[in-house]
Undergrad: 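Got a structure for you, written out below as structure tokens; questions coming shortly.
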Amino acid sequence: MPKQLGQDISSILLCRCPRCGRGKVFSGVLSVVPSCAECGLDLTGGDTGDAGAVICIMLLGAIMAALAVWTEFRFEPPMWLHVVLWPVVALALALPMLRTSKSAMIAMQYRHRSTEMDRSE
């Protein structure tokens, strides 16, 4: 695996700056910081859109459906347990998936120069 690809993947998974790999991309759960605290990369020009959310919805829907069917046939829990269990599992899986996908969109925009982000190294 090329060195740059490994750096990109680690910065995406850790939600770090696509340029330096040290600064945080998010100031809250999904709020993107205006600029990297470490290298000063302007992150305000990036618009991640809905691509990450759509990917998460599709993946999470498939995972949740498979888990619900497997749980029903394997353990036959009462219906109230399904009602309580699956929203909690969905939230626990959705937040990290959304952060990672949004971080990936920011990194791809930076690498492919599709926004006004500063590319000076």
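Sequence positions, counted from 1, serve as the residue numbers for this chain.
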Undergrad: I need the full list of ring pair (Phe, Tyr, Trp, His ring centres under 6.0 Å) pairs touching residues 33-65, with sequence neighbours left out, sorted by first then second residue.
TA: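 Not a single pair qualifies under ring pair (Phe, Tyr, Trp, His ring centres under 6.0 Å).
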Undergrad: Which pairs of donor and acceptor atoms, one on a side chain in residues 63-75, lie under 3.5 Å apart (sequence neighbours left out)?
TA:
residue : atom : partner : partner atom : Å
Thr71   : OG1  : Leu67   : O            : 2.7
Glu72   : OE1  : His82   : NE2          : 2.6

Undergrad: Scan the side chains in residues 5-13 for donor-acceptor partners under 3.5 Å anywhere in the protein, sequence neighbours excluded, and list what turns up.
TA:
residue : atom : partner : partner atom : Å
Asp8    : OD1  : Gln4    : NE2          : 3.2
Asp8    : OD1  : Arg111  : NE           : 2.8
Asp8    : OD1  : Arg111  : NH2          : 3.0
Asp8    : OD2  : Arg111  : NE           : 3.4
Ser10   : OG   : Gly6    : O            : 3.3
Ser10   : OG   : Gln7    : O            : 3.0
Ser11   : OG   : Gln7    : O            : 3.3
Ser11   : OG   : Asp8    : O            : 3.0

Undergrad: Provide the closest heavy-atom pair for Ser35 versus Gly40 in the form atom of the first, atom of the second, distance.
TA: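 Smallest heavy-atom distance, with atoms named: CB-O, 4.1 Å.
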Undergrad: Considering residues at least two apart in sequence or located in another chain, which fulfil the side-chain hydrogen bond (donor to acceptor under 3.5 Å, both in side chains) criterion with Glu38?
TA: none
Undergrad: Which other residues end up in the same hydrophobic cluster as Ile57, if Ile, Leu, Val, Met, Phe, Trp and Tyr are linked when side-chain heavy atoms come under 4.5 Å apart?
TA: none
Undergrad: What residues form a side-chain contact (heavy atoms from CB on, under 4.5 Å) with Leu59, not counting sequence neighbours?
TA: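 Leu59: side-chain contact (heavy atoms from CB on, under 4.5 Å) contacts with Ile55, Met97.
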Undergrad: Linking directly or through intermediates, with side-chain heavy atoms under 4.5 Å: list the remaining ILVMFWY members grouped with Trp80, chain and number order.
TA: Leu81, Val84
Undergrad: Would you kindly confirm whether Val33 and Leu98 end up in one hydrophobic cluster when ILVMFWY residues are joined by side chain heavy atoms under 4.5 Å apart?
TA: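 Not linked; separate clusters.
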Undergrad: Suppose we screen for side-chain contact (heavy atoms from CB on, under 4.5 Å). Which residues come up paired with Pro34, at least two apart in sequence or across chains?
TA: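 Pro34 satisfies side-chain contact (heavy atoms from CB on, under 4.5 Å) with Thr44 once adjacent residues are dropped.
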Undergrad: Can you pull the side chain to side chain donor-acceptor pair (under 3.5 Å) pairs that have at least one residue in residues 89-105, sequence neighbours excluded?
TA: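 Non-adjacent pairs meeting side chain to side chain donor-acceptor pair (under 3.5 Å): zero.
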Undergrad: Identify each donor-acceptor pair in which a side-chain atom of residues 23-31 lies under 3.5 Å from a protein atom, sequence neighbours left out, and give them as a table.
TA:
residue : atom : partner : partner atom : Å
Ser27   : OG   : Ser31   : O            : 3.4

Undergrad: Nearest heavy-atom pair of Pro96 and Leu91: which atoms, and what distance?
TA: CD-O, 4.5 Å
Undergrad: How far does SG of Cys36 sit from CZ of Arg22, to the nearest 0.5 angstrom?
TA: 7.5 Å
